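This report concerns only the one structure given below.
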Amino acid sequence: MKIGIIGLGLIGGSMGRAIVKKTEDRVYAFDISKKAMLDGKLLSAYHEELSKDNVGEMDLVIFSLYPESLSKALEEYCPLLKDGCLVMDCCGNKRRVVAQMKELAKKYPKLDFISAHPMAGREFSGVSHSTATLFDKASMILVPVKAELKIVAFLKAYSLSLGFGSVVITTAENHDRIIAFTSQLAHLVSSSYIKSDTAVSFMGFSAGSFRDMTRVARLSPEMWSQLTVDNSDFLVGELDSIIASLTEYKSALMNKDTDKMKELLADGNRRKLESEKMRRTWNNEN
């Protein structure tokens, strides 16, 4: 199988490296950055360069781009693809890209479209930080747009062959609603937390909690500004929820209400235990 990857960042590069290492498929890649292409070649993220001349030979084309670049790239490349080619993106939001894919499916009915989100990442960006094992035991989320069941089944099996531990099939709406909480809110909270003036004095006074809370504050501002604003309706709702909770803690502190604080902390502890129980059950079932 010939696979094209457009965008050699952390995800695209890791996808290419995993495919090169774990399958017999031929990987073609393109990035507007010459350095990314050179680094990707040195890291074995692809076999050959993807071009307008050979993109029509691809069986699968993976778009691993920021939201604003993705829209233009889909419009540019879809007319060049052969009948039966599977078009897949790796964008962190789904409603906008799925809506666009639905329109493209009407114009190019002989193409297949599935929107995907590999639930893996690092606090570093760029192909130079990619790894062939980034997706090991991670979850792959698939949002079928226009594809027969056998195509969805193929992509599920293919994802597992690359090291993914599970595959979740959902809708664009459900994806964006949940990802606002599990990913985007966490990045905003981490970014806000590190802005305390006390942060510059943490040396010698921190353990795992500080490291865990600040890890994802190291991010790509360009990418995360696009993702968060694009999903602002769901994300604002999650922000309202956490602000309301923090206000309760603040009130208990201002009132020196130990009983109320104990109640709030116990409730958070209970919910964490419940979520861990659900995670273990889900892992056993999947």
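Remember, predicted model here, so these are calculated numbers, not experimental data.
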- Ionic contact status for Lys41 with Glu49, cut-off 4.0 Å: no
- Go through the side-chain N and O atoms of Asn231 and Arg95 and say whether any donor and acceptor fall under 3.5 Å apart. yes
- Message: What I want to find out is whether Glu75 reaches Lys72 closely enough, with some N-O distance under 4.0 Å, to be called a salt bridge.
- Response: no
- Any salt bridge between Asp259 and Lys262, counting N to O under 4.0 Å? no
- Query: Are Asp89 and Ser115 close enough that a side-chain donor and a side-chain acceptor fall under 3.5 Å?
  - Reply: yes
- Task: Verify whether one side chain among Tyr158 and Asp25 offers a donor that lies under 3.5 Å from an acceptor in the other.
- Result: yes
- So, Asn283 and Arg280: side-chain donor and acceptor under 3.5 Å apart, yes or no? no
- Task: Over 60° means perpendicular and under 30° means parallel, so classify the ring planes of Phe210 and Tyr193, tilted if in between.
- Result: tilted
- Message: Rounded to the nearest 0.5 Å, what separates atom CZ in Phe135 from atom NZ in Lys22?
- Response: 9.0 Å
- Query: Is it true that Glu276 and Lys272 have a side-chain N and a carboxylate O under 4.0 angstrom from each other?
  - Reply: yes
- Task: Quick one: pull up CE in Met15 and CE in Met88 and give me the separation to the nearest 0.5 Å.
- Result: 4.5 Å
- Message: Looking only at side-chain N and O atoms, does Asn93 offer a donor or acceptor that is under 3.5 Å from a partner on Gln184?
- Response: yes
- Any donor-acceptor N or O pair under 3.5 Å, side chains Ser220, Tyr66: yes
